[in-house]
Each structure stands twice: as C-alpha cells, then as structure tokens.
2 protein chains.
Amino acid sequence: MAKRVSHRDSMCGVARPLDAIGDWWSLLIVRDAFDGLRRFGEFQKSLGLAKNILSARLRNLLAHGIMETVPASDGSPYQEYVLTEKGRSLFPLLVALRQWGEDFFFEPDEAHVLLVDRKNGLPVRRLELRAQDGRVVGAEDTMVWLPPASPE
Amino acid sequence: MAKRVSHRDSMCGVARPLDAIGDWWSLLIVRDAFDGLRRFGEFQKSLGLAKNILSARLRNLLAHGIMETVPASDGSPYQEYVLTEKGRSLFPLLVALRQWGEDFFFEPDEAHVLLVDRKNGLPVRRLELRAQDGRVVGAEDTMVWLPPASPE
DNA sequence: TCAGGAGGTTTTAATTTGAAACCATCGTGT
DNA sequence: ACACGATGGTTTCAAATTAAAACCTCCTGA
C-alpha cells in the first residue's frame, strides 16, 4: 500500500493523496458511502469484493482519516463506517471522475445514471475550473508555482 | 489490469474509468503529460518507476485512448507520448485530486506548489459543483437518477 | 569502430490480491 | 441451556501483479 515516492513527487500535491485512495476499490467504497452505505456487509454486497480486501481497504481509509467508525445507529451491536469531513471533501473528485466516465465510457445510446439536483431533478452542471476573475480556465491557462519559502 | 466488475457496478459511471486510470501510476503519468513531458525517458526520470511498469502503463493509456504516440517533434527518431482529447479531459479530475491533497496532506506551514492562472499568477478558484440554476451543491443536494429507457 | 544513450523487453523475485475456509460474537427460537 | 443463523471479520494459500535488474536493439557522435 505505502509506495515509495520519487524525489520529485515527495512534495507533490497529486502523489500524496494517491497513497490514500489510489487503488481501485477505495474510491468505490467512498462512493458507496456517499450513497448511504454504512455497514461492512453492505459494502461487500454492493462491490462484490473479497472480505479480506474490504477489510484492508476500510482499515486504510480509517488510517487516513477518510472514514471513521461509529458505534451503531439502529441498535445493532456492530459498528458502522461513515465518511469524515476529509472523506466528504472527496465529492468533487468523485463528480469529476463520474463526468469523465460518462463522457468517454458509454456508447452514445447507452443508458446511464445522471447526477441530478435533489431540489428539481435537473442534471447538475459540468465541473469547471475558474480563475479568480471568474474566467473558466483549462490546463493551458494554468501553471504550477512554488511560492518562495517564508523567511524562517 | 482488467478487473472484474460486480453486477452493481457494471453500469456505473464511476467504476468504468477506474479500469483505465485506477492505478497509482497512470494519473501521475497524465499529470506529467500536462506538465509537458512527452518522452519515455522523461516520464521514467520524473516518476522513478521501473521501465517495464512505465511501458505497461503507457500501453494501457494508449489502449484506452488517453494518450497517443506521435512520430517526433525535434527530429529524433523516437516517438513521443501526448494526451488525446480524452486525456486532456482529465484536467478537472486532476485539479480535484490536487486541491484535496493540498487541503489534507500538507502541514499548515508546509510549502507546496499552487495552481495559478498564467495570466496574472493568482491561484485558481476552488472547484465547485453547481446546479443548473447556479447554486453550489454538495453531496447532500444531489442524487443519482437512472433515466427511463427510451421506447426501443 | 567503438562508447554511449534512448527506448524498450525479458527474466526472476517479492509483494499484493482474491477465493475460500475458518472463527468469534450476538440475537433468536425452543 | 442450547442450537442455529446472521454479521463481521481473520487466516490460509494459490494466483496475479509489481518491481528490479539484466539484457537487447537501434541510433549517434567521437
């Protein structure tokens, strides 16, 4: 799980998160958690993965503070797995993944679920990156910049 | 690479893309491609991964139409790897990953690169999901909905 | 012509994954 | 009290994946 990171990536804002959610299953677990799943068995049935793998993934998500266990909610003696604030902050990433998937992984006539506004049932807008002044910007319009170190 | 997908995920807009970019390295390669890297050796040096793995990952990205090879650009007899339109469409996802990483994987006083507007050097805004009417919506405000099948 | 560098592939070992079996705890019925 | 199933895991072991290193090929420059 803990992969070695190259010199160049040791400080990279893209590489670090991948240690937490960079495998196939973790993001699917998080997505299911957004859908309201909370119990070990629910995740296992929904995703169809081996129990030991689910166990390992949940442990990793807990260790990274993306999910946490809570005692119970319906009186049953078991614990439940719920997203933390850090985990809920993955929502835009999940939406980005979903929108990309919808654009490129379905045939034009193939049915698929849509993410819609609960208020009125209309599809949500496309995610857009905007500059401070509100312009929509693409990759060509941006660059990464390392601020100079502060004096001390 | 090609993982089995459970019944539930066979049509899921989140699971399908993960087959293409759901491993640790692929997204880092794509990020480097956004940064202008094009050559096999450049990727290898930047990421520090084994050559056979890079080879396999590039092959997978090519097979999924995320990158493509172009004959040359500087006269050298080799090919270069560049993002396709599909690959460039990963930009919002990469930004979402980066923003999440910056929020949760750096100490408050730890320096890290910022994504800034080329025009004026100001940091870009945070990615936000908006409904049709322009409201910013979170996970709680949305749901997935499967449109009814069309008659034929 | 020979030394290297770029761009890979092959080989082999270590790590990870996955399926199945196993185990522990709780609740229920009898 | 006891059997039994459901839930929530852990252990075991085989199979697949990954990683490191060695190797190969083509091209270039001295």
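In what follows, every chain begins at residue 1, and chains take the letters A, B, ... in the order their sequences are listed.
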- Query: Looking only at side-chain N and O atoms, does A:Ser55 come under 4.0 Å of OP1 or OP2 in D:dT10?
  - Reply: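 The answer is yes; a side-chain N or O of A:Ser55 sits under 4.0 Å from OP1 or OP2.
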- C:dG18 phosphate, OP1 or OP2: any side-chain N/O from A:Trp25 under 4.0 angstrom?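 Yes, because at least one side-chain N or O of A:Trp25 sits under 4.0 Å from OP1 or OP2 of C:dG18.
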- Message: Going by side-chain hydrogen bond (donor to acceptor under 3.5 Å, both in side chains), name the pairs with one or both residues in residues 98-109 of chain A, residues two or more places apart or in two chains.
- Response: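 Counting only pairs at least two positions apart or across chains, the side-chain hydrogen bond (donor to acceptor under 3.5 Å, both in side chains) contacts touching residues 98-109 of chain A are A:Asp103-A:Arg126.
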- Message: Base, sugar-phosphate or nothing for A:Tyr81? Non-hydrogen atoms, less than 4.0 Å.
- Response: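 The residue A:Tyr81 makes sugar-phosphate contact but no base contact.
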- Item | Exercise: identify the closest heavy-atom pair between A:Trp24 and B:Leu18 |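 Heavy atoms only, the tightest pair is NE1-O, 3.3 Å.
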- Message: I need the minimum non-hydrogen distance between A:Trp145 and B:Val116, along with the two atoms involved.
- Response: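 For A:Trp145 versus B:Val116, the nearest heavy atoms are CB-CG2, 3.9 Å.
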Let me know the distance between [atom1] of [X] and [atom2] of [N], rounded to the nearest Å.
| X | N | atom1 | atom2 | value |
| --- | --- | --- | --- | --- |
| A:Asn60 | D:dG9 | CG | C1' | 17 Å |
| B:Ile53 | C:dG7 | CD1 | P | 18 Å |
| A:Phe40 | C:dC26 | CZ | C1' | 17 Å |
| B:Leu28 | D:dT18 | CG | C1' | 16 Å |
| B:Leu58 | C:dA6 | CG | C1' | 14 Å |
| A:Leu54 | D:dG9 | CG | C1' | 10 Å |
| B:Arg38 | C:dG7 | CZ | P | 12 Å |
| B:Asp23 | D:dA16 | CG | C1' | 15 Å |

Any idea which of [options] is nearest the [X] side chain?
| X | options | value |
| --- | --- | --- |
| A:Arg39 | D:dT7, C:dT17, C:dG7 | D:dT7 |
| A:Gln79 | C:dG8, C:dG18, D:dG9 | D:dG9 |
| A:Arg59 | C:dG8, D:dT10, C:dA6 | D:dT10 |

[X]: which other cluster members, linking ILVMFWY side chains closer than 4.5 Å, directly or transitively?
| X | result |
| --- | --- |
| A:Val70 | A:Val82 |
| B:Leu122 | none |
| B:Val136 | none |

- Task: Sugar-phosphate atoms are those with a prime plus P, OP1 and OP2; base atoms are the rest. Using that split, label each nucleotide of nucleotides 21-30 of chain D B, S or - for protein heavy atoms under 4.0 Å, 5' to 3'.
- Result: ------S---
- Task: Could I get the full list of salt bridge (Lys or Arg N to Asp or Glu O under 4.0 Å) partners for A:Arg118, not counting sequence neighbours?
- Result: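 Partners of A:Arg118 under the salt bridge (Lys or Arg N to Asp or Glu O under 4.0 Å) test: none.
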